[in-house]
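Below: one structure, written as structure tokens.
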Amino acid sequence: MQSAQKLTQQNQDAFSQFFDKYISSSNKLQIYSVRELAQKLAIQYFSAQLPPRYQTENNLRKKSRNIVYKQIETDAIEKAKAQYKAKKERKESQQRKLPPVPKKQNSQPRSLSVQPPIKCLSAQPKRSVPSTYFYYIGDGNNNELIKKLLDERQNWVQVKDVTLKNINFKWQETEKGYEYRTLAGNLKDSTPQMLNHFEFHIEISNKYYLAQNFKTYCEKNLLNAQDYIPISFAIECTNSNLKAGLFQFLTFYRSYCPQNQQQELDKTIKSYQFKYGTQVESKIDQYPTLFAGENLWIFKPSNMNQGRGIHVVRNLQEIIDIYNRYQNGYKEHLLEVKRNEQNEIVTKIIYINTLMTEQFVIQKYIEKPLLIKGRKFDIRTYVLITSNLGFFFFKEGQLRLATEIFDVKKQSNYVHLTNNAVQYTHPQYGKTEEGNQFNFDQASQYFKIDFRKEVIQKLKQISLLVFTSVKGKINKYKRKNCFEVFGMDFILDVDFKPWLIEVNTNPSLEVTSKLLGSLFPRLIDDAFKLTIDRQFHQQKSLSKYPFLNYSNDENLWEYICQL
């Protein structure tokens, strides 16, 4: 023990010099604290200085660990820390004495776009800028675009191992594997990290929870949910909830069933021993565009997107058959096609997936939709939510057109479902207009109105109302450094009344037209400027992705409010 103490006193100065030289040429302080790094180096350094009797393979693990930790660690490490801090303070003092660098006058005219308040942008206290930031990108949904945008930023390096602890930003299609508890600010001394999904985004992106949450919010605030979302019934496949949900649906459904279908409907209800009530309030006069004599409904699994699992149903037996298929494992035939430069289909691949769900939504089909060139369309807009619940609405979007002429009596997904993933497989996709898409300028020209002012403003208000309904749920633990881009799908009826159809997490970024080729880079790049660039400092610069007639120094995400 005495020899160990003597060894400590003789080598403290040497260890301090060794420690100072090591950290000057290493980036380990990005990963470890000063004390943690000193502990690791102390074991390595002093183990090599021990007398021979301590250096046998068996004793080195037991005796040298005790000696190094108990006799050497405290004095040597504290001295090394003190010397490191003193050197750092001297350096900072010298920098403070330097004359200030005069600021260059900016001759460019200032942008007139309103900048959002700092508090809604997940602002963080200033940190010293490390030499490198690390990012991880999952597969799918045009992940090459995300990689390109991050590689263009300063000091970002991609890693392939998602389990590494020092990853600063993760982008994935889903939140699977995200550890929200360890985000920067949620635990002390954790590596600063950002994620592209909220922990509880399903409160609005899941069709079942969207219907439930929005209905509850409207009831509390004396609003009518059916003024914003088509009449919907959220049904859960447990015995008690299933019966209650089906009772409400059948009561409504039977009231609006055409007379020539009443007898068949009652037979089906009786054979399954279903029960129903008497519908008191008529909705036909209140919502005439939903009812055109067909009584069509949409059957939607709660957790699918891109049109997957959606069925247009015309009678109760179809609903029961589809429900039973999901309970036993619904075999989905998913068609994937690849096109050449002339937009011709060159390969077709059919995947068979087994889908199961315990929750689904039955929603009233809009039987009188507004049409473009005789075809149905929907409107895709985008919302960005920051961790402090800053609400942003992207100024541009797209109209997605069906390929086949609309006929309410025709049974074809190419008529009724306007999702790009569905229409892309049609042989005539893109023949009438590139990518079956309109931008907002084209919509204004076609309908001869100011489409942004008369339509998009209404969609913005509905989007804000819907996200307000879940503001206490989507980030209920107030996790820092999360954000998410959502895709909002709307349909206009013949009266130009907008209806919210669904809210999508992980909206598609796949490029199928020149419009999307310029829209998506600007969409995500401007979102990064409001999120990761504020956490991991980047120099301000003009956008590299021009879009329509917008200025390159304008962020196209319009700040609306903090939820």
Side-chain angles (χ1 to χ4, degrees), residues 198 200-238 240-253 255-256 279 281 283 286-287 289-291 295-313 316 319 322-323 326 355-366 378 381 383 385 417 419 459 461-474 476 486-491 493 497-505 507 563:
F198 281 99
F200 300 103
H201 67 79
I202 64 169
E203 296 289 351
I204 195 167
S205 61
N206 179 290
K207 299 174 181 63
Y208 176 88
Y209 291 117
L210 169 62
Q212 292 284 68
N213 287 327
F214 191 64
K215 178 182 178 182
T216 300
Y217 174 81
C218 288
E219 289 174 350
K220 289 182 179 179
N221 292 274
L222 303 180
L223 298 172
N224 187 355
Q226 297 170 0
D227 287 339
Y228 307 97
I229 298 178
I231 299 163
S232 303
F233 296 90
I235 300 177
E236 188 174 17
C237 300
T238 60
S240 59
N241 291 337
L242 178 60
K243 290 180 180 179
L246 284 178
F247 177 85
Q248 295 177 10
F249 169 69
L250 288 175
T251 298
F252 191 98
Y253 181 83
S255 299
Y256 298 101
Q279 184 71 32
E281 182 183 2
K283 302 291 184 183
Q286 190 174 359
Y287 307 110
T289 58
L290 302 185
F291 301 91
N295 207 20
L296 296 184
W297 293 78
I298 297 284
F299 180 99
K300 302 195 290 188
S302 63
N303 57 349
M304 304 293 173
N305 60 5
Q306 297 184 341
R308 296 178 60 198
I310 295 180
H311 301 266
V312 179
V313 293
L316 180 60
I319 295 175
I322 295 170
Y323 161 74
Y326 272 99
L355 306 179
M356 298 187 70
T357 180
E358 295 182 351
Q359 299 170 333
F360 55 92
V361 171
I362 303 177
Q363 187 176 82
K364 187 64 188 74
Y365 184 88
I366 300 172
D378 71 359
T381 61
V383 166
I385 304 294
L417 304 183
N419 307 68
L459 308 191
Q461 295 170 3
I462 296 175
S463 299
L464 176 59
L465 183 65
V466 170
F467 274 92
T468 301
S469 71
V470 297
K471 68 178 182 179
K473 295 183 176 182
I474 196 170
K476 63 182 178 181
F486 294 91
M488 314 291 291
D489 292 343
F490 295 88
I491 286 181
D493 64 24
K497 175 179 174 54
W499 298 89
L500 175 66
I501 304 303
E502 61 188 31
V503 180
N504 297 276
T505 181
L563 298 178

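Note that the coordinates shown come from a computational prediction; the quantities given were computed from them, not determined experimentally.
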- Query: Between Trp499 and Ile366, is any pair of side-chain heavy atoms under 4.5 Å apart?
  - Reply: yes

- Nearest heavy atoms of Leu500 and Glu502, plus distance in Å: CD1-O, 3.6 Å

- Are the side chain of Lys300 and the backbone of Phe360 linked by a donor-acceptor contact shorter than 3.5 Å? no

- Item | Worked check of side-chain contact (heavy atoms from CB on, under 4.5 Å) between Phe200 and Val470 | CA-CA 10 Å; Phe200 300 103; Val470 297; over 6 Å; no

- Item | OH on Tyr217 to NZ on Lys471, rounded to 0.5 Å | 7.0 Å

- Note on the structure: Rounded to the nearest 0.5 angstrom, the SG-OH distance for Cys218 and Tyr228 is 6.5 Å

- For the pair Lys473 (side chain) and Ile202 (backbone), establish whether a donor and an acceptor sit closer than 3.5 Å, ignoring hydrogens and angles. no

- Task: Specify the closest pair of heavy atoms between Ile204 and Leu210, including all atoms of both residues, with the distance to one decimal.
- Result: O-CB, 3.6 Å

- With a 4.5 Å limit on heavy-atom distance, are the side chains of Ile229 and Lys215 in contact? no

- Results of side-chain hydrogen bond (donor to acceptor under 3.5 Å, both in side chains) for Tyr365 - residues two or more places apart only: Lys376, His416

- Task: Take Leu465 and Leu223 through the side-chain contact (heavy atoms from CB on, under 4.5 Å) test and state the conclusion after the steps.
- Result: CA-CA 11 Å; Leu465 183 65; Leu223 298 172; 4.0 Å; yes

- Contact summary for Ser469 and Asn213, nearest pair of heavy atoms: CB-O, 4.3 Å

- Could you check if a side-chain atom of Phe198 sits within less than 4.5 angstrom of a side-chain atom of Thr505, using non-hydrogen atoms only? no

- Nearest heavy atoms of Ser232 and Pro230, plus distance in Å: OG-O, 2.6 Å

- Residue of the set His201, Lys207, Glu203 for which side chain to side chain donor-acceptor pair (under 3.5 Å) holds with Ser205: His201

- Do Ile231 and Leu290 come close enough that some side-chain heavy atom pair is under 4.5 Å? yes

- Item | Any residue meeting salt bridge (charged side-chain N to carboxylate O under 4.0 Å, His left out) with Asp489, in chain and number order, not counting sequence neighbours | Arg380, Arg400

- Message: Suppose we screen for side-chain hydrogen bond (donor to acceptor under 3.5 Å, both in side chains). Which residues come up paired with Lys476, at least two apart in sequence or across chains?
- Response: none

- Query: Measuring from Tyr209:OH to Ile474:CD1, what's the distance to the nearest 0.5 Å?
  - Reply: 14.5 Å

- Message: Minimum heavy-atom separation for Ile362 and Trp297, please, with both atom names.
- Response: CG2-CE3, 3.7 Å

- Message: For Tyr208 versus Ser302, what's the shortest heavy-atom pair and its separation?
- Response: CB-CB, 3.6 Å

- Item | Nearest-0.5 Å distance, CD1 of residue Ile298 to CD1 of residue Ile501 | 8.0 Å

- Task: With rounding to the nearest 0.5 Å, note down the distance linking CG in Asn504 to CG in Asn206.
- Result: 11.5 Å

- Message: So, taking the atom named CZ in Phe233 and the one named CD in Gln363, what distance separates them when rounded to the nearest 0.5 Å?
- Response: 11.0 Å

